[in-house]
Amino acid sequence: MGKETVILDAQAIERALNRIAHEILERNRGTEGLALVGIRTGGAHLARRLVERIQAIEGGPVDLGILDITLYRDDLALRKAQPVLRKTEIPFDVTNRRIVLVDDVLFTGRTIRAALDGIMDLGRPRCIQLAVLIDRGHRELPIRPDYVGKNIPTAREERVKVRLLEEGETDAVVVVRP
Amino acid sequence: MTESEGLRRKDLLGIRDLDPDEIQLILDTAESFKEVGTRPVKKVPTLRGKTVVNLFYEPSTRTRTSFELAAKRLSADVINISTSTSSVVKGESLLDTARTLEAMGADYLVVRHPASGVPEQLARILRCRVINAGDGVHEHPTQALLDAFTIREQKGKIQGLQVAIVGDIAHSRVARSNIYALTRLGASVRLCGPATLIPPDIETLGVSVYYDLDAALEGVDVIMMLRIQQERQARAYIPSLREYARRYSLTPERLRRARGDVLVMHPGPMNRGIEIAPEVADGLQSVILDQVTNGVAVRMAVLYLLSGAG
């Protein structure tokens with residue numbers, strides 16, 4: 001159990017999500033064709049919150065989907081036990097839609113690469129954008145976010161945890177030093 | 001993302017070795033795989049580059065195709081070997097055949113064989129993963145898993161349900177695997193068939209035995225009909241198929257003895273009019289086709305859960 005530092009508290013998370021919701025609307029000029037897809041498990045809750053905020057600000061319908069990227073991971077052959085697989089629930093056609101992928105922490109970029117492959121297997125979106133609550137650096141692939149809650153420079157060995165109300169915790173982003 | 005213990009095993013040889021948690025894991029995983037079958041592009045890259053060999057020493061359409069589809073949907077390469085067209089007719093031994101396939105890089109061997117115990121023997125000797133697709137009268141684990149999945153999908157649970165398995169229990173690996181799976185998950189199992197086709201002392205597996213079908217079906221939640229083979233008549237286990245049908249066929253009248261929301265299941269292929277009336281097979285209670293759909297998802301789950309560096 002390492003030393004934990006709180007980087008964002010509940011209120012800071014709230015403000016970041018509000019700003020991201022506005023940025024998504026600004027960049028996409030409204031909600032036309034917009035759909036948010038949260039990456040399990042952290043991204044799914046954040047995507048739902050963003051959809052609520054976007055609809056509160058501008059009122060148009062925004063589709064929400066949840067993507068499980070387990071089947072698209074690049075490290076399955078290396079793992080001794082397979083990760084728990086959960087359902088992908090995307091109840092709309094992604095073709096021609098403006099998809100915003102949502103995840104909690106952006107790190108190496110491999111999860112997002114897997115998510116891109118997952119979305120592409122479901123159709124041909126007009127465009128895919130990326131919203132993350134935290135960008136902690138250390139990219140191993142050429143992936144970059146369009147919307148960022150906060151940039152946190154971290155050391156590789158550190159862990160960044162996003163705790164959310166939906167999972168029974170108090171909203172907080174913490175960095176754990178080993 | 002939480003890490004699972006996976007299946008902690010190299011092979012799937014039978015339900016008897018699985019504990020309830022492992023069975024639940026397979027069923028939960030299968031639910032996620034069922035979604036893949038609803039997409040326009042029914043493929044995920046998970047087992048890309050892996051080789052799955054279907055080694056079938058007994059004919060099969062259903063099981064073999066199901067495994068083939070499951071592997072292909074996971075992007076694996078599939079080879080089908082049916083022994084009638086292989087060098088087995090030249091007298092090649094089982095072990096040599098299996099070792100040859102492993103030497104070519106088979107990652108999974110899906111084996112169906114008329115002799116009980118063959119998959120276990122292969123699993124001990126080979127490094128690749130062995131999946132039992134039906135061995136003699138011993139087990140047919142993926143069938144029981146897809147049956148359990150279908151029941152759970154329809155009823156929301158398995159614990160506490162009354163399930164009747166009807167037919168040639170003695171020669172049925174499907175019955176055996178289902179008995180293990182259902183009792184392990186907390187269902188009550190009733191077996192029903194002619195006395196000549198129910199093994200003595202089978203109650204020790206935790207099931208009740210009925211020789212009268214009307215009594216067996218009283219108030220059940222699920223009815224599983226097994227296929228009666230033509231050759232049982234030839235070997236005097238039953239006097240005639242007609243008499244068997246009269247006493248043990250699932251007719252619409254008999255169906256009414258069960259609960260109103262009873263599920264009618266059959267592993268296939270069916271002998272319409274013999275063990276099951278056509279109206280029942282095609283009726284509203286029948287989930288026989290769901291079993292087939294679920295079979296692909298369950299087999300995908302098994303392939304996925306057995307993969308990994310292990």
Side-chain angles (χ1 to χ4, degrees), chain A residues 37-45 65-96 103-105 107-108 110-125 159-162 164 167-169, chain B residues 1-10 12 21-22 24-52 70-76 105 107-108 128-129 149 153 297-310:
Chain A
V37 175
I39 299 174
R40 278 198 198 273
T41 37
H45 302 307
I66 300 176
L67 180 64
D68 185 288
I69 57 116
T70 310
L71 297 176
Y72 292 86
R73 293 175 67 130
D74 60 10
D75 62 349
L76 288 175
L78 307 169
R79 302 172 65 105
K80 285 202 147 175
Q82 295 310 58
V84 174
L85 178 64
R86 294 200 181 80
K87 275 170 91 163
T88 287
E89 295 170 59
I90 301 187
F92 52 88
D93 188 1
V94 305
T95 299
N96 260 328
D103 206 0
D104 49 2
V105 180
F107 185 28
T108 61
R110 291 179 189 272
T111 299
I112 304 303
R113 194 279 317 156
L116 289 173
D117 281 348
I119 295 278
M120 294 303 214
D121 266 359
L122 300 172
R124 190 175 189 276
R159 292 194 56 208
V160 177
K161 287 193 199 171
V162 173
L164 298 174
E167 309 246 301
E169 317 228 33
Chain B
M1 185 175 303
T2 44
E3 232 180 83
S4 146
E5 288 253 323
L7 273 185
R8 285 173 273 125
R9 48 183 74 241
K10 173 174 83 80
L12 179 64
D21 288 331
E22 291 177 293
Q24 293 285 8
L25 176 62
I26 296 173
L27 300 187
D28 291 339
T29 307
E31 241 184 85
S32 304
F33 278 112
K34 199 167 171 180
E35 179 267 323
V36 175
T38 62
R39 303 180 184 183
V41 176
K42 300 172 188 27
K43 219 182 243 295
V44 290
T46 318
L47 291 188
R48 198 172 67 100
K50 298 284 188 242
T51 305
V52 176
K72 282 183 166 161
R73 288 197 184 159
L74 291 167
S75 299
D107 296 290
Y108 291 86
C128 65
R129 292 158 177 85
F149 183 89
E153 186 181 47
V298 165
R299 288 167 177 130
M300 287 175 82
V302 170
L303 289 167
Y304 168 72
L305 288 167
L306 290 177
S307 68

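In the text below, chain A, chain B and the rest are named by the order of the sequence lines, each starting its count at 1.
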Decide side chain to side chain contact (heavy atoms under 4.5 Å, CB included) for A:Asp121 and B:Lys43; before the verdict, give the C-alpha distance in whole Å, the side-chain angles of both, and the deciding distance to 0.1 Å.
CA-CA 8 Å; A:Asp121 266 359; B:Lys43 219 182 243 295; 5.5 Å; no
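Shown are A:Val84, A:Asp68, A:Leu85; of these, the side chain to side chain contact (heavy atoms under 4.5 Å, CB included) with B:Ser32 is made only by A:Leu85.
The local environment of CZ in A:Arg159 is sparse, with at most 12 non-hydrogen atoms from other residues, nucleotides or ligands closer than 6.0 Å.
Between atom OG1 of residue B:Thr46 and atom CZ of residue A:Arg73 there is a gap of 11.0 Å, rounded to the nearest 0.5 Å. Separating the OH atom in B:Tyr304 from the CG atom in A:Leu71 is a distance of 6.5 Å, to the nearest 0.5 Å. The distance from atom NZ of A:Lys87 to atom OG1 of B:Thr29, rounded to the nearest 0.5 Å, is 12.5 Å.
Applying the ring-ring contact (aromatic ring centres under 6.0 Å, His included) criterion to B:Tyr108, with sequence neighbours excluded, gives no partner residue.
In this structure, the portion of B:Glu35 lying under 4.5 Å from any heavy atom of chain A is its side chain and not its backbone.
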